[in-house]
Asker: 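Here it is: the structure, laid out below.
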Protein chains: 2
Amino acid sequence: MGVTLKDVAEAAGVSITAVSKVLHGSGKSVRIAKETETAIREAAHRLQYVPNSVARSLRTSRTRTIGLVFENFGSLSEGPMYYVLMLDGVAQELFRNHYRLTILAEVSHKHVGGALSDGRMDGAIWCKLPMEEEVLAQLAQSRIPVVALNTEAPANPLLTYVSCDNEGGARLVVEHLYALGHRRVLYVMEIGEDDTPDATARLRGFRRACQEAGLPFSEDDIVFWDRDASQFADWWRSGPPHTGVFAWNERVAGAVLRRAHESGVHVPTDLSVVGFDSTPFCETTSPPLTAVRQPILEMAKHAARILFDTLDNGPDEPRVFTYPCTLDVRGSTAPTSMVRRTRRKPVETSNGPILDAERGHP
Amino acid sequence: MGVTLKDVAEAAGVSITAVSKVLHGSGKSVRIAKETETAIREAAHRLQYVPNSVARSLRTSRTRTIGLVFENFGSLSEGPMYYVLMLDGVAQELFRNHYRLTILAEVSHKHVGGALSDGRMDGAIWCKLPMEEEVLAQLAQSRIPVVALNTEAPANPLLTYVSCDNEGGARLVVEHLYALGHRRVLYVMEIGEDDTPDATARLRGFRRACQEAGLPFSEDDIVFWDRDASQFADWWRSGPPHTGVFAWNERVAGAVLRRAHESGVHVPTDLSVVGFDSTPFCETTSPPLTAVRQPILEMAKHAARILFDTLDNGPDEPRVFTYPCTLDVRGSTAPTSMVRRTRRKPVETSNGPILDAERGHP
DNA sequence: TATGATGGATAAAAGGTTTTATCAACCGCC
DNA sequence: GGCGGTTGATAAAACCTTTTATCCATCATA
């Protein structure tokens with residue numbers, strides 16, 4: 001079907017070896033005369049020779065391709081925007097270094113080893129790694145290097161992790177809301193996500209920051225955003241004492257905003273809302289969403305560079321890279337002094353004294 | 001490095017052929033006894049054999065991989081959302097059929113043939129195909145089938161196209177705004193995009209629909225959204241007579257919305273805004289954006305299916321599949337009767353009579 | 001007892017590249 | 001005239017799989 005080295009060799013009246021050497025520089029000890037070289041180049045150009053990467057990969061066992069593994073890709077356009085940002089960051093760095101990107105999705109945990117070891121890629125970046133010990137062990141023993149992106153690392157990591165300081169990010173939220181005068185903050189969790197390492201870390205950070213600030217925090221301050229948002233609706237109907245809401249991710253935060261708007265609750269005057277993951281999406285909501293930013297593009301690029309390094313210089317010990325988060329303050333948060341007293345009683349004064357005593361902490 | 005057929009064969013005390021037959025069903029005329037088969041399976045499992053897809057691809061010249069080509073991928077997270085939707089649709093259909101997806105970007109036009117013919121993929125989907133004749137000719141002669149997605153087809157297509165009725169979509173906008181009473185509508189173009197087939201088709205549809213409705217339309221009714229939006233600002237400052245704006249794409253429409261908001265112009269009471277490409281993004285703007293919807297997920301899946309068909313049954317004549325557009329009416333458009341007369345003079349009456357005479361058309 | 005199926009299995013080629021080892025020719029030099 | 005060194009080039013193995021052709025029994029049939 002395609003033009004091969006053999007075809008070029010025949011056309012130029014030389015050996016395959018010579019053509020390979022000239023066109024791809026392969027073979028250290030092979031020497032070619034200037035005239036032969038030009039003849040070969042001419043023939044290759046005339047025949048429109050295109051090297052067969054598959055054959056080359058078979059020989060060199062390098063594909064110059066990196067796999068990006070998503071647990072559930074079907075949600076890319078519906079899911080949170082940072083998935084797109086991860087993809088974007090990884091892709092940019094790969095393309096810049098002339099690597100190719102292939103996307104894997106719905107890799108069954110049983111065949112995880114096979115999917116990564118079939119020779120189609122040189123390395124893999126795993127987004128939102130699951131926690132199952134056995135899966136992790138399999139990945140660590142995989143024939144190709146694997147980096148975990150955007151997943152909280154366990155205590156004794158078997159792989160290299162690139163993640164953000166979820167706990168610290170949650171703390172930023174508490175500090176921000178505290179500084180604005182908020183004294184009761186609701187944490188909105190998502191159903192089905194509550195046992196992921198990231199969600200756990202965020203909630204932990206939130207809890208601890210509240211404790212240290214002397215803010216009351218009980219299980220009643222956690223509510224789940226399920227599909228029909230019934231828990232949230234219940235909470236809302238009961239005339240909640242909270243003046244702030246921290247949504248565990250961007251999408252839920254957007255949903256809270258919309259729900260508030262529908263209920264005639266004005267953000268930020270009636271309620272301050274903060275989300276996790278500051279993305280372009282947060283700029284288009286109304287009001288724009290205050291959110292924790294993890295430098296996801298940078299992180300994604302870093303993950304790719306780690307793979308390059310491993311491929312060039314051999315494997316390294318598993319390491320954990322944790323990126324600090326920052327807070328992008330936008331229009332969805334405001335001082336409690338702005339709260340209209342119409343809908344709820346001004347709870348912020350009741351906790352005032354306690355807070356003054358503890359001010360040093362956060 | 002990896003376990004090969006040979007290893008399994010030795011472990012089971014049989015030939016490579018036998019193992020290949022049992023594990024992959026290859027070789028029509030090869031027959032294996034039940035006991036031998038179980039022995040082979042046992043050995044394969046014990047050694048954790050993983051077939052080498054690269055070697056297999058070399059032999060069969062099939063990779064079960066489809067390439068998705070983006071002209072400029074770097075903009076995925078910044079660019080319009082329908083890029084993500086295209087990717088999502090293609091990916092879903094590929095994965096459903098156990099194909100793999102690899103992403104190509106920044107394929108230089110000179111090496112376009114090489115990038116597609118190096119054996120790494122069985123087919124390609126090209127998003128936003130350029131128009132250059134020579135490139136198209138190269139693609140058509142490519143070793144693998146190529147389908148153009150989301151690109152207006154030329155008169156004599158060399159490839160199969162899956163696109164939407166851009167012209168009809170633009171007409172929907174005119175009809176919608178006309179029905180709401182708008183009589184002067186501004187078309188907002190994007191710099192650098194104005195010569196793409198899609199943009200041309202949209203503008204053409206807009207022009208024709210205006211003509212047929214008897215709406216005045218001159219070159220003054222087209223304005224470019226450049227980087228600092230200076231043209232748009234000029235237009236705006238001059239106290240434009242338009243009551244409606246049609247932005248050629250989603251992102252520009254969003255920018256117009258924001259600009260209007262900053263200028264204290266209320267959408268939709270002061271101005272109606274319509275965009276092209278109705279995506280999740282349009283639901284998060286304030287107000288939600290009325291926009292033309294092309295069934296992009298369906299189109300993307302269709303493109304993938306065309307490739308499957310070509311790969312299974314051989315090439316077909318180039319065809320053009322044009323999907324009709326619909327209009328998602330959201331909050332950014334309203335009847336002109338709602339226009340507050342404070343900021344601009346009521347231009348809609350001046351054209352009234354002409355319109356009544358031509359009412360039958362749209 | 002040939003003949004012909006049939007079941008069970010293997011050898012070997014092919015696919016396109018990389019790379020090592022080998023070879024021929026030539027030159028210069030003792 | 002034999003030796004070492006250099007230049008220019010090639011043959012052939014290896015990478016791992018698929019697939020065709022071949023082979024050897026065995027067994028039934030004429």
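All values below come from the heavy atoms of this structure, side chains included, with hydrogens, waters and symmetry mates left out.
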Asker: Round to a whole Å and report the spacing from CD of Glu10(A) to P of dG16(C).
Answerer: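 Taking atom P of dG16(C) as the reference, CD of Glu10(A) is at 12 Å.
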
Asker: Using whole Å, what does the distance between atom C1' of nucleotide dG15(C) and atom CZ of Arg56(A) come to?
Answerer: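 Going from Arg56(A) (CZ) to dG15(C) (C1'), I get 16 Å.
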
Asker: Is the closest side-chain donor-acceptor distance between Ser20(B) and Ser26(B) under 3.5 Å?
Answerer: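 Yes, Ser26(B) and Ser20(B) have a side-chain donor paired with an acceptor closer than 3.5 Å.
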
Asker: Taking for each residue the nucleotide of DNA chain D bearing the nearest heavy atom, is the 5' side occupied by Ser53(B) or by Lys28(B)?
Answerer: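 Here Ser53(B) is the residue nearer the 5' end.
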
Asker: If we check side-chain contact (heavy atoms from CB on, under 4.5 Å) with Leu149(A), which of these qualifies: Thr160(A), Ile306(A), Val90(A)?
Answerer: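 Answer after filtering Thr160(A), Ile306(A), Val90(A): Val90(A).
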
Asker: Rounding to an integer number of Å, can you tell me how far Ile40(A) CD1 sits from dT17(C) P?
Answerer: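 Answer to the nearest Å: 14 Å.
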
Asker: So, Ser57(A) side chain and Ser53(A) main chain: donor-acceptor pair closer than 3.5 Å or not?
Answerer: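 Side chain of Ser57(A) to backbone of Ser53(A), a donor-acceptor pair under 3.5 Å: yes, one is there.
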
Asker: Any idea how Phe70(B) and Tyr83(B) line up, ring-wise: parallel (<30°), tilted (30 to 60°), or perpendicular (>60°)?
Answerer: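 It falls in the parallel class, under 30°.
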
Asker: Run Asp198(A) and Lys128(A) through salt bridge (charged side-chain N to carboxylate O under 4.0 Å, His left out) and show every step you take.
Answerer: CA-CA 9 Å; Asp198(A) 291 65; Lys128(A) 287 284 173 195; 3.5 Å; yes

Asker: Out of Leu139(A), Val147(A), Thr151(A), Asn150(A), which one pairs with Trp126(A) under the side-chain contact (heavy atoms from CB on, under 4.5 Å) rule?
Answerer: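 Going through the options one by one, the only one that passes is Leu139(A).
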
Asker: To the nearest Å, give me how far apart CZ (Arg143(B)) and C1' (dG16(C)) are.
Answerer: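 Going from CZ in Arg143(B) over to C1' in dG16(C) covers 11 Å.
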
Asker: Establish, with yes or no, whether the OP1 or OP2 oxygen of dC16(D) is under 4.0 angstrom from a side-chain nitrogen or oxygen of Tyr49(B).
Answerer: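 Result: no.
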
Asker: With the threshold set at 4.0 Å, does a side-chain nitrogen-carboxylate oxygen contact exist between Arg143(A) and Asp118(A)?
Answerer: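 No, this pair does not count.
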
Asker: Under 3.5 Å between N/O atoms: give me all the protein pairs with nucleotides 7-9 of chain D, atom names plus distance.
Answerer:
unit_1 : atom_1 : unit_2   : atom_2 : d
dA9(D) : OP1    : Thr36(A) : OG1    : 2.9
dA9(D) : OP2    : Ala33(A) : N      : 2.7
dA9(D) : OP2    : Thr36(A) : OG1    : 2.8

Asker: Whole angstrom is fine here: how far is it from CG in Asp7(B) over to P in dC16(D)?
Answerer: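 So the CG-P distance, Asp7(B) to dC16(D), works out to 8 Å.
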
Asker: Ignoring hydrogens and angles, tell me if any N or O in the side chain of Arg64(A) forms a donor-acceptor pair with the backbone of Asn97(A) under 3.5 Å.
Answerer: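 Looks like yes, one N/O pair under 3.5 Å.
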
Asker: Rounding to an integer number of Å, can you tell me how far Lys21(B) NZ sits from dA12(C) P?
Answerer: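 Rounded to whole Å, this separation is 21 Å.
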
Asker: Please find the pair of heavy atoms, one from Leu116(A) and one from Ser142(A), that lie closest to each other, and give the distance.
Answerer: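 Shortest heavy-atom contact: CB-OG, 3.8 Å.
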
Asker: Between protein and nucleic acid, restricted to nucleotides 12-15 of chain D and to nitrogen or oxygen atoms under 3.5 Å apart, what atom pairs and distances do you find?
Answerer:
unit_1  : atom_1 : unit_2   : atom_2 : d
dA14(D) : N3     : Arg59(A) : NH1    : 3.4

